[in-house]
2 protein chains.
Amino acid sequence: MAERAAKSPTIYDVARAAGVASSTVSRAFARPGRVNAETAEHIRKVAAELGYRANPLARALPTGRTSMISLVIADVTNPFYNEIVRGAQAAALEAGYTTLLTDAQESGAREREALERALTMVDGIVLATSRMSDSAIRMIAKQRPVVVMNRAVTDVPSVVTDNPRGVRRAVEHLGELGHDRITYLAGPEASWADGTRWRALREATHELELHAHRLGPYEPTVAGGAAAAADLMRHPTSAVLAYNDLMAIGLIRALTAAGVRVPDDVSVVGFDNIFAAELVTPALTTVAAPLHAMGQAAVRNLLALTRGARPTTQAPVVLPSQLVVRGSTGHRRRNRTSPASGTTKVSGPALMAATSTVAGSR
Amino acid sequence: MAERAAKSPTIYDVARAAGVASSTVSRAFARPGRVNAETAEHIRKVAAELGYRANPLARALPTGRTSMISLVIADVTNPFYNEIVRGAQAAALEAGYTTLLTDAQESGAREREALERALTMVDGIVLATSRMSDSAIRMIAKQRPVVVMNRAVTDVPSVVTDNPRGVRRAVEHLGELGHDRITYLAGPEASWADGTRWRALREATHELELHAHRLGPYEPTVAGGAAAAADLMRHPTSAVLAYNDLMAIGLIRALTAAGVRVPDDVSVVGFDNIFAAELVTPALTTVAAPLHAMGQAAVRNLLALTRGARPTTQAPVVLPSQLVVRGSTGHRRRNRTSPASGTTKVSGPALMAATSTVAGSR
DNA sequence: TTGAAAGCGCTAACAT
DNA sequence: ATGTTAGCGCTTTCAA
C-alpha cells in the first residue's frame with residue numbers, strides 16, 4: 001500500500017507562504033471582487049504551488065451550506081431511475097453541487113431513516129418517488145428545502161409528468177385499435193402516480209365510452225407483472241395498461257409462457273419507457289416520461305429554493321409525457337384463432353404521430 | 001412553502017439542559033464507557049427530548065473522519081452498476097457510512113475532476129470500473145484509501161471477477177456446440193476487463209484448439225454492439241463473445257434485423273448478466289458476475305482500510321463468475337439453410353449443468 | 001468520572 | 001483593500 005500523504009495544506013499555510021492574512025486568502029477564493037487583483041493573483045499562484053484545496057467540510061461549518069444535495073430514490077435496482085439520476089447529477093454538477101444518492105429500497109421506513117442521517121449534511125433534498133406519507137415529507141420540508149418527483153404534496157414543490165395526458169393517449173390508441181375494455185394493473189398503493197393513473201384511466205375510458213377494470217395492487221417489478229397474469233386470465237380483457245414497464249414486461253412474459261399471444265390476444269401498454277422497453281419482444285408500447293429532464297428540473301428547482309427563491313405557484317411543474325407505440329399493442333381480434341377483423345398491419349409511423357408532447361394540468 | 005425550522009439544538013443546548021459540561025455530552029455519545037451510566041442515561045433522555053442530532057460535519061472537522069465514502073461508477077445509465085451500487089450501499093449503511101455516488105460518464109477526465117471535489121469529504125473511495133490511468137489512481141490512493149473494482153492496479157487493493165474462468169466456461173460451452181472460431185467484440189480500450197477477457201479468450205481457444213478473432217473496439221453499449229454487426233458480417237464466425245451484455249444485445253438486434261438468425265446462424269455470449277439479459281429474445285447466454293457481492297466486498301475492504309488495516313496480499317480479491325446458458329447460443333450449423341447437423345434441439349437444463357460456480361485465479 | 005479549554009479549517013463581522 | 005478576531009459544533013487533551 002502506498003502511504004497516505006502527510007497532510008493537505010490549510011488556508012494558514014497559504015497565508016503564511018503568500019505573506020497575507022488568512023482572511024485575505026479566504027476572500028481571494030470566495031469573493032474575488034473584494035480583494036486587490038494582484039494580491040489575488042499572487043495568492044492563487046502560491047495556493048496552486050502548495051496544492052491547496054479548500055476543505056468543504058470546514059467551509060460548511062461557519063456558512064451552514066455544504067454544497068451537497070440528497071437524491072432519494074425508491075429502488076436503485078429499478079432502471080426507471082437511471083436517467084433521472086443522471087439528469088439530477090448533471091444539474092447538480094453544473095451548479096457545483098455534489099449529490100448524495102440514497103436508496104430507500106421501496107420502504108418508507110428506511111427512507112425516513114436514511115434521510116435522518118443525511119438531513120444535516122445537505123442543503124436540500126430531492127425525493128424521487130417517495131414512499132413516505134405526505135405528513136412525513138412535510139416534516140422533512142420544514143428542515144430543509146425539498147422537491148418531490150412523481151407526486152404532489154401540499155406545500156411542497158414538485159415535478160411530475162403529465163399522467164392524465166399520457167393515459168388519455170394510451171386509451172385513445174387502444175380505442176382506435178378496437179379495444180373497448182381496458183384492465184389497469186395497479187402498482188404500489190403508496191404510489192401517488194398509481195392513484196393518478198387509475199383515475200385518469202377511469203376518466204378517459206368514460207369519455208370515450210370504453211370500460212376500465214382494475215387488478216392489483218402488485219409489486220412494481222417483473223415478478224409483480226408475472227403474478228398479475230393469472231389474475232388477468234381469470235378476468236380477461238383484450239387490453240391492459242400496466243402501472244409501469246417492469247410490470248408490463250413481466251405480464252407479457254407470463255402471458256406468452258401460458259400461450260396467450262401479445263399483441264394478438266391482448267395488447268399491453270406500460271409506463272416510463274425504461275431502457276429495456278425497446279429490447280423486449282414484442283417491444284413495449286409505453287407512455288414515456290422525460291426522465292432526464294425530470295431529474296434536471298427537480299434539482300434546478302431545488303437549488304433555486306436553497307438560494308431563497310419562493311415557489312411562485314402551488315402547482316407542480318408538469319413535464320410532458322409521450323406515447324411511444326411499439327409492438328405490444330395491436331388490433332383487437334374477435335377470438336384467439338380467427339384472423340384479424342379489418343386491417344391487420346398497424347402502421348407504426350402513423351400511430352407515432354398521435355404522440356403527445358404537451359404539458360399543463362392541475 | 002413551509003418555513004424552515006428555527007435551528008437544530010447543539011451539544012451546548014443539551015449540556016445546559018442536562019446540567020453537565022459539553023464534553024460530557026460528547027463522551028456520552030461517542031465513548032459511552034467513559035461516562036457514568038446514570039449521567040449518560042440522563043443525557044440521552046434530555047437529548048432525545050430536545051431532538052438533538054449530532055452534526056456530522058462539525059464532528060468531522062476535529063476527527064478528520066466524515067463517515068462518507070465515495071463510489072465512482074463509469075456510467076449511471078449502464079444497468080451493470082445497479083446491483084453493484086446496491087451492494088455497496090448496503091455494506092456502507094450497515095457500517096454507518098453514507099455513500100456519495102459519482103457518475104464519471106465514461107470519461108477519465110470527468111472522473112478525476114469529480115474525485116477532486118469529493119476527495120476531501122470522504123474517508124475512502126471505491127472505483128468501480130475506473131477509466132483513469134493506473135498512475136492517476138495511485139495518485140488518489142496516496143491521499144485516501146482506495147479499492148478498485150474490475151481492474152488490477154499495482155499497490156491498490158482490488159475486487160475482480162474471475163474473468164479467465166468465465167471466459168473458459170464460455171469457450172468450452174461454445175466448443176461443445178461445435179463452434180471452432182470465436183470472434184471477440186472488444187469494449188473500451190481503457191477497460192482492464194477488456195484486456196483480460198481478450199487474453200483469456202486467446203488462451204482458452206488455444207488450449208482447446210479453437211480460433212479466436214477480434215473486432216473493435218466498440219462503445220460498450222447497445223449502439224456499439226449494433227455497430228459491430230456490420231463488421232461481423234464482413235468477417236463472419238459462427239460464435240461471438242461480446243465485451244458485455246449491452247453490446248451482445250445490440251449485436252443480436254442488428255443481426256436479426258439483417259436477417260441473420262441467432263442462435264441458428266451465430267451464437268452470442270455476453271458478459272455481466274445484466275437485468276435485461278433474460279428479458280430479450282432470444283434470452284442471452286452470458287458470463288454472470290456476482291454484482292451485488294462485488295459492491296459489498298469492495299466497500300467492506302475499503303472500510304477495513306480506513307480502520308487502518310493493511311492488505312495482507314497484493315493479489316486482488318477474486319469473486320467467482322458463472323456461465324448462464326440461455327437461448328442465444330446453439331449448435332453450429334454447416335450453412336444457413338440446411339438443417340442442423342446432428343441433434344437440433346438443445347436441451348436447456350442439460351447445458352445449464354455446465355455452469356461454473358468456482359473461484360480462484362492468480 | 002467530569003470540567004475547562006484549546007483547537008479542527010474556514011468565514012464573517014468589525015477594525016484599520 | 002487588508003488584518004484581527006470571534007466563532008461554527010464537536011472532540012480531545014489536560015486538570016481536577
Side-chain angles (χ1 to χ4, degrees), chain A residues 4-44 46-47 50-68 96 117 119-123 143, chain B residues 4-44 46-47 50-68 96 117 119-123 143:
Chain A
R4 220 78 322 121
K7 210 168 72 70
S8 49
T10 73
I11 199 170
Y12 298 113
D13 299 325
V14 177
R16 192 172 316 116
V20 298
S22 63
S23 56
T24 305
V25 176
S26 174
R27 285 184 199 110
F29 284 101
R31 254 178 266 337
R34 289 227 190 306
V35 62
N36 183 304
E38 293 170 29
T39 341
E41 180 54 34
H42 179 224
I43 291 174
R44 279 177 201 297
V46 172
L50 263 51
Y52 168 74
R53 322 222 75 234
N55 178 337
L57 265 59
R59 170 173 289 180
L61 203 39
T63 59
R65 325 197 82 248
T66 60
S67 291
M68 295 197 276
R117 303 195 69 247
L119 200 56
T120 56
M121 326 206 232
V122 298
D123 294 342
Q143 313 188 52
Chain B
R4 219 84 313 128
K7 210 167 73 71
S8 51
T10 74
I11 200 173
Y12 297 113
D13 299 326
V14 177
R16 193 172 314 118
V20 297
S22 64
S23 55
T24 305
V25 177
S26 174
R27 287 187 196 105
F29 285 101
R31 254 176 267 335
R34 288 225 190 309
V35 63
N36 182 305
E38 292 170 29
T39 342
E41 180 54 35
H42 179 222
I43 290 174
R44 279 177 201 297
V46 172
L50 262 49
Y52 169 72
R53 323 223 73 235
N55 179 338
L57 264 58
R59 170 173 290 179
L61 202 40
T63 60
R65 326 196 82 248
T66 60
S67 291
M68 295 197 277
R117 303 195 69 248
L119 200 57
T120 55
M121 333 204 225
V122 298
D123 294 343
Q143 315 189 49

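These numbers were taken from a predicted model, which means no experiment stands behind them. So that the names make sense, note that chain A is the first sequence line, chain B the second, and so on, each numbered from 1.
- Remark: side-chain polar atoms of B:Arg117 are paired, donor with acceptor, to backbone N or O of A:Gly96 under 3.5 angstrom.
- Considering only the side chain of B:Ala54, D:dC10 comes nearest among D:dT2, D:dC10, C:dG3.
- The shortest heavy-atom contact between A:Val25 and A:Ala15 is CG2-CA, 3.7 Å.
- Comparing D:dT2, C:dG3, C:dC8 by their closest approach to the side chain of A:Asn36 singles out D:dT2.
- Using a 4.0 Å heavy-atom criterion, one finds that B:Ser26 contacts the bases of the nucleic acid, with or without backbone contacts as well.
- Looking only at side-chain heavy atoms (C-beta outward), B:Asp13 and B:Thr10 come within less than 4.5 Å of each other.
- Note: CZ (A:Arg16) to C1' (D:dG3) measures 16 Å, nearest angstrom.
- Distances shown here put a side-chain N or O of A:Tyr52 below 4.0 Å from the OP1 or OP2 atom of C:dC10.
- For A:Thr39 and D:dT2, the shortest distance from a side-chain N or O to OP1 or OP2 is below 4.0 Å.
- Taking 4.5 Å as the limit, some side-chain heavy atom of A:Pro32 sits within range of a side-chain heavy atom of A:Arg44.
- Looking only at distances, no side-chain donor or acceptor of A:Ser22 sits under 3.5 Å from a matching main-chain atom of A:Ile11.
- Recorded end-axis angle for the helix from C:dT1-D:dA16 to C:dT16-D:dA1 stands at 40°, based on five pairs per end and rounded to 10 degrees.
- B:Arg31 places its CZ atom 14 Å from the P atom of C:dT1, with the value rounded to the nearest Å.
- Listed here is the closest heavy atom pair of A:Asp123 and A:Ser67: OD2-N, 2.8 Å.
- Side-chain to base pairing of B:Arg27 with C:dG3: one donor and one acceptor N or O lie within less than 3.5 Å of each other.
- Of all the heavy atoms in B:Met121 and B:Met68, the pair that sits closest is O-CE, 3.4 Å.
- For A:Arg53, no side-chain nitrogen or oxygen approaches OP1 or OP2 of C:dG9 to under 4.0 Å.
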Check residues 52-63 of chain A and write down every donor-acceptor pair under 3.5 Å in which the side-chain atom is one partner and the other belongs to a residue at least two apart or another chain.
unit_1, atom_1, unit_2, atom_2, d
A:Arg53, NH1, B:Glu116, O, 3.3
A:Asn55, OD1, A:Leu57, N, 2.8
A:Asn55, OD1, A:Ala58, N, 3.2
A:Thr63, OG1, A:Arg59, O, 2.8
A:Thr63, OG1, A:Arg65, N, 3.2
A:Thr63, OG1, A:Arg65, O, 3.4

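- Residues B:Thr24 and A:Pro56 each lie close to DNA chain C; by heavy-atom proximity, the contact nearer the 5' end of the strand is made by B:Thr24.
- In this entry the distance linking CD1 of A:Ile43 with C1' of D:dG3 reads 12 Å, nearest Å.
- No contact: B:Phe29 has no heavy atom under 4.0 Å from any strand.
- Put simply, CD on A:Glu38 is 14 Å from C1' on D:dT2, counting in whole angstrom units.
- Of the residues near DNA chain D, B:Leu61 and B:Ser23, the one whose nearest nucleotide (by heavy atom distance) lies more toward the 5' end is B:Leu61.
- Protein atom CD1 of A:Ile11 is 13 Å distant from nucleotide atom C1' of D:dG3, rounded to whole Å.
- Contact annotation: A:Arg59 reaches the phosphate of C:dT11 (side-chain N/O to OP1 or OP2, under 4.0 Å).
- Distance CE (B:Met121) to C1' (C:dG9): 15 Å, rounded to an integer number of Å.
- If you check every strand for non-hydrogen atoms under 4.0 Å, B:Val25 touches nothing.
- A:Leu57 places its CG atom 14 Å from the P atom of D:dT11, with the value rounded to the nearest Å.
- For the pair A:Arg65 CZ and C:dA12 C1', the interatomic distance rounds to 15 Å; values are reported in whole Å.
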